[in-house]
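Encoded as structure tokens, the structure appears first; notes follow it.
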Amino acid sequence: MKQKIEFNNEIIGLINEIKKLHDSHLESSEKNNKNFIAELQILKIKFGMVAIKYADTDWESFGLSEEIFKNNHQFLNSHLCRLSLDEQQRQNITDNDINQVWYCCLYNFAYELAHNKVAPPADKNHTKYHTEYYSIVDKLKAENLPEDKIFAIANARSALILCRDSFVTESPKDNALFIALKEVNKFYDNYLNINENTNIEQLELECEVLMKEKSLYIAESIKQELQEFRNN
């Protein structure tokens, strides 16, 4: 994970350097070499697509990837773009190609949230997904839950949204990750509605299956709490 974050930081650094070089050549009539500018534009978009693809490590990287995704689209459709549609197709950098990489990022980040402990986003309004995350958090706070449980449940809820959004041309209903996310969210629904009629042993078994057999992340305190319920 650390290597992936470092790699993505290097890619973003390269994108910034290419952008500076590109902009300086656009502004200078002496440097305005059309072929060179076109090559820089191809590099800028391709590195942007790589950054999007590998931005599934945390909420901050994911938010930055959405900015790059939107910037690539805007650039391709702006008057500054020197690349013909044929050239975009040859280079695999069309609007559709960029969309596919973005959907891949959505799915991969959903996987990350489902299987690992991911810290909450620092910025509540970076993207619509950040806003939805904190909308979920606010509802869970009303349940007077501790933060570790709130963030674990919010990540699972967000992962289901991300996974669903990553499927555009087909239904996700038979996808293993989508099925697992529906199961863990149903588990959380049952956990949040525990009452005297709840079968705690069954809920504890579901927790065990989700954690061990499906390797999904569930806050350890939830598992411990279920054990305490059973023993009381």
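One-based numbering along the sequence shown.
Nearest approach of Ile194 to Thr198, heavy atoms of both residues: CA-OG1, 3.4 Å. Across every non-hydrogen atom of Ser221 and Asp148, the tightest pair is OG-OD2, 2.6 Å. Taking each heavy atom of Asp189 and Asn193 in turn, the nearest pair found is O-ND2, 2.7 Å. Nearest heavy atoms, Ala55 versus Ser61: CB-O, 3.4 Å. Annotation for Leu181 and Ala114: closest pair CD2-CB, 3.6 Å, computed over non-hydrogen atoms. The two atoms that bring Gln88 and Leu83 nearest to each other are NE2-O, 3.1 Å, heavy atoms only.
Using a 4.5 Å heavy-atom cutoff, the side chains of Lys214 and Glu183 are in contact. Asp86 is listed as a side-chain neighbour of Ser84, based on a closest heavy-atom distance under 4.5 Å. Thr57 places none of its side-chain heavy atoms less than 4.5 Å from the side chain of Glu112. The shortest distance between side-chain heavy atoms of Leu80 and Phe75 falls below 4.5 Å. For the pair Asp95 and Asn77, the minimum side-chain heavy-atom distance is below 4.5 Å. Under the 4.5 Å side-chain criterion, counting only non-hydrogen atoms from C-beta, Ile45 is in contact with Ile98. In this structure, Tyr217 and His115 have side chains that are not in contact, with every pair of non-hydrogen atoms separated by 4.5 Å or more. At least one side-chain heavy atom of Tyr188 sits less than 4.5 Å from a side-chain heavy atom of Ile222.
A distance-only check finds a donor-acceptor pair linking the side chain of Glu60 to the backbone of Ala122 [under 3.5 Å]. In this structure, Asn185 contributes its side chain and Ala156 its backbone to a donor-acceptor pair below 3.5 Å.
Between the side chains of His126 and Glu67, at least one donor-acceptor pair of N or O atoms lies under 3.5 Å. A side-chain donor-acceptor contact under 3.5 Å links Glu225 and Tyr191. Counted by atom type alone, Ser158 and Asn155 present zero donor-acceptor pairs between their side chains at under 3.5 Å. When only modelled atom types and interatomic distance are considered, Asn175 and Tyr107 share a side-chain donor-acceptor pair under 3.5 Å. Judged purely by distance below 3.5 Å, without hydrogens or angles, the side chains of Asp165 and Tyr129 pair a donor atom with an acceptor atom. Counted by atom type alone, Glu87 and Gln91 present one or more donor-acceptor pairs between their side chains at under 3.5 Å.
Using a 4.0 Å cut-off between charged side-chain N and carboxylate O, Lys128 and Glu132 make no salt bridge. Contact check on Lys186 versus Glu206 returns no salt bridge, with no Lys/Arg side-chain nitrogen under 4.0 Å from an Asp/Glu carboxylate oxygen.
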The test is side-chain contact (heavy atoms from CB on, under 4.5 Å); show your working for Asn72 and Ile68 and say whether it passes.
CA-CA 6 Å; Asn72 272 357; Ile68 295 171; 4.2 Å; yes
Let's go through Glu17 and Lys44 carefully: what are the C-alpha distance in whole Å and the side-chain angles of both, what is the deciding distance for side-chain contact (heavy atoms from CB on, under 4.5 Å) to 0.1 Å, and is it a yes or a no?
CA-CA 9 Å; Glu17 289 301 316; Lys44 178 173 170 289; over 6 Å; no
Assess the residue pair Ile136 and Leu140 against the criterion (side-chain contact (heavy atoms from CB on, under 4.5 Å)); give the C-alpha distance rounded to whole Å, side-chain angles, the decisive distance to 0.1 Å, and a yes or no.
CA-CA 6 Å; Ile136 296 165; Leu140 292 170; 3.9 Å; yes
Could you give me the CA-CA distance, side-chain angles and deciding distance for Ile218 and Phe187, then say whether side-chain contact (heavy atoms from CB on, under 4.5 Å) is met?
CA-CA 10 Å; Ile218 293 175; Phe187 164 79; 4.0 Å; yes
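Using a 4.5 Å cut-off between side-chain heavy atoms of Ile, Leu, Val, Met, Phe, Trp and Tyr, with links allowed through other members, Val209 and Leu177 fall into different hydrophobic clusters. Linking Ile, Leu, Val, Met, Phe, Trp and Tyr whenever their side-chain heavy atoms come within less than 4.5 Å leaves Leu162 and Ile179 in two separate clusters. When the side chains of ILVMFWY residues are joined at heavy-atom separations under 4.5 Å, either directly or via intervening members, Met211 and Leu205 end up in two distinct hydrophobic clusters. Under the 4.5 Å side-chain heavy-atom criterion for grouping Ile, Leu, Val, Met, Phe, Trp and Tyr, Val168 is connected to Leu106 within one hydrophobic cluster.
Lys124 forms a cation-pi arrangement with Tyr134, by the criterion of a distance under 6.0 Å to the ring centre and an angle within 45° of the ring axis.
No close placement of the Trp59 and Phe151 rings is indicated, their centers lying 6.0 Å or farther apart.
Counting heavy atoms of neighbouring residues, nucleotides and ligands inside a 6.0 Å radius, atom CD of Glu147 does not exceed 12 of them. The local environment of CD in Glu201 is sparse, with at most 12 non-hydrogen atoms from other residues, nucleotides or ligands closer than 6.0 Å.
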